[in-house]
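All values below come from the heavy atoms of this structure, side chains included, with hydrogens, waters and symmetry mates left out.
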Amino acid sequence: MEENVILTKSIEFSLEIITFCELLEEKRKYVIANQLLKSGTSIGANIHEAQNAESRADFIHKMKIAAKEIEETKYWLLLCERAKSYPFNDDLKEQIRVISLIVYKIISSSKSNK
């Protein structure tokens with residue numbers, strides 16, 4: 001079976017988010033850690049859920065939820081990047097950029113293939 005790139009990337013990203021959020025918690029940055037953990041891992045959960053969608057519309061809907069979670073995750077990462085007292089991980093920023101491009105392409109091509 002062929003590898004599903006977005007599934008693989010979303011799992012890898014979720015695992016990296018978990019590790020980064022543990023670092024945030026060690027630095028006592030609990031609120032951002034909690035928000036980032038929820039949105040960052042929700043991306044993959046929604047992408048995975050979309051794989052068993054009941055219809056094309058359901059698939060697109062679940063992928064759009066993943067896209068919203070991507071935007072929220074970008075926000076929390078941006079705050080970490082800009083806050084002087086917060087750690088930051090450039091690799092997460094690049095991973096979310098790539099995942100974002102793939103998800104938006106999937107949504108766009110799913111809509112046009114009706």
Task: Exercise: do Asn4 and Gln51 side chains pair donor with acceptor under 3.5 Å - done: yes
- [ ] Side-chain contact test, heavy atoms from C-beta onward, threshold under 4.5 Å: evaluate it for Lys68 versus Ser39 and give yes or no.
- [x] no
Open item on the list: Quick one, Arg56 and Lys111 - any side-chain contact, counting heavy atoms below 4.5 Å?
Closed with: no
TODO: Could you pull out the closest heavy-atom pair between Lys62 and Asn46, with the gap in Å?
DONE: O-CB, 3.8 Å
- [ ] Verify the cluster assignment for Trp76 and Leu23: are they in a single hydrophobic cluster under the rule of side-chain heavy atoms below 4.5 Å apart?
- [x] yes
Task: Gap separating the CZ atom of Arg97 from the CD1 atom of Ile102, nearest 0.5 angstrom - done: 10.0 Å
- [ ] Write down the atom of Pro87, the atom of Phe20, and the distance for their closest heavy-atom approach.
- [x] O-CZ, 3.4 Å
Open item on the list: Heavy-atom count check: over 12 atoms from other residues, nucleotides or ligands less than 6.0 Å from Tyr30 OH?
Closed with: yes
- [ ] Apply the side-chain contact (heavy atoms from CB on, under 4.5 Å) test between Ile17 and each candidate in Ile43, Leu92, Asn89, Ile96; give the one that qualifies.
- [x] Leu92
Task: Least distance between heavy atoms, Phe59 atom then Ala50 atom - done: CD1-O, 3.2 Å
- [ ] Count the heavy atoms belonging to other residues, nucleotides or ligands that lie under 6.0 Å from NZ of Lys64, then report whether that count exceeds 12.
- [x] no
Open item on the list: Please give me the minimum heavy-atom distance between Cys21 and Leu37, naming the atom from each residue.
Closed with: SG-N, 3.5 Å
TODO: Flag this pair as yes if the NZ/CZ of Lys27 is under 6.0 angstrom from the six-membered ring centre of Tyr86 and inside a 45 degree cone about the axis; otherwise no.
DONE: no
- [ ] Compare all side-chain heavy atoms of Phe13 with those of Thr73 and state whether any distance is below 4.5 angstrom.
- [x] yes
TODO: Would you kindly say whether Glu3 and Thr8 are connected by a side-chain donor-acceptor distance under 3.5 Å?
DONE: yes
Task: Min side-chain heavy-atom separation Lys74-Ser100 under 4.5 Å - done: yes
Task: Closest non-hydrogen atom pair between Ser14 and Gly40, with its separation - done: OG-O, 3.8 Å
Open item on the list: Would a single hydrophobic cluster contain both Ile70 and Ile18, if residues Ile, Leu, Val, Met, Phe, Trp and Tyr are joined by side-chain heavy-atom contacts under 4.5 Å?
Closed with: yes
Task: Check: His48 side chain, Gly44 main-chain N or O, donor-acceptor pair, under 3.5 Å - done: yes
Open item on the list: Just verifying a value: how many Å separate Thr19 OG1 and Leu24 CG, rounded to the nearest 0.5 Å?
Closed with: 11.0 Å
Open item on the list: With clusters defined by side-chain heavy atoms of hydrophobic residues (ILVMFWY) lying less than 4.5 Å apart, directly or transitively, does Ile60 cluster with Ile65?
Closed with: no
Open item on the list: Whether the side chain of Ser108 engages the backbone of Tyr104 through a donor-acceptor N/O pair (distance < 3.5 Å, no angle test) should be reported.
Closed with: no
- [ ] Before accepting this row, confirm whether a basic side-chain N of the pair Lys9/Glu12 lies closer than 4.0 Å to the acidic partner's carboxylate O.
- [x] no
Open item on the list: Assess the residue pair Glu69 and Lys38 against the criterion (side chain to side chain contact (heavy atoms under 4.5 Å, CB included)); give the C-alpha distance rounded to whole Å, side-chain angles, the decisive distance to 0.1 Å, and a yes or no.
Closed with: CA-CA 9 Å; Glu69 297 295 340; Lys38 285 180 183 176; over 6 Å; no
- [ ] Answer yes if Val98 and Ile107 sit in the same cluster of Ile, Leu, Val, Met, Phe, Trp and Tyr residues linked by side chain heavy atoms under 4.5 Å apart, and no otherwise.
- [x] yes
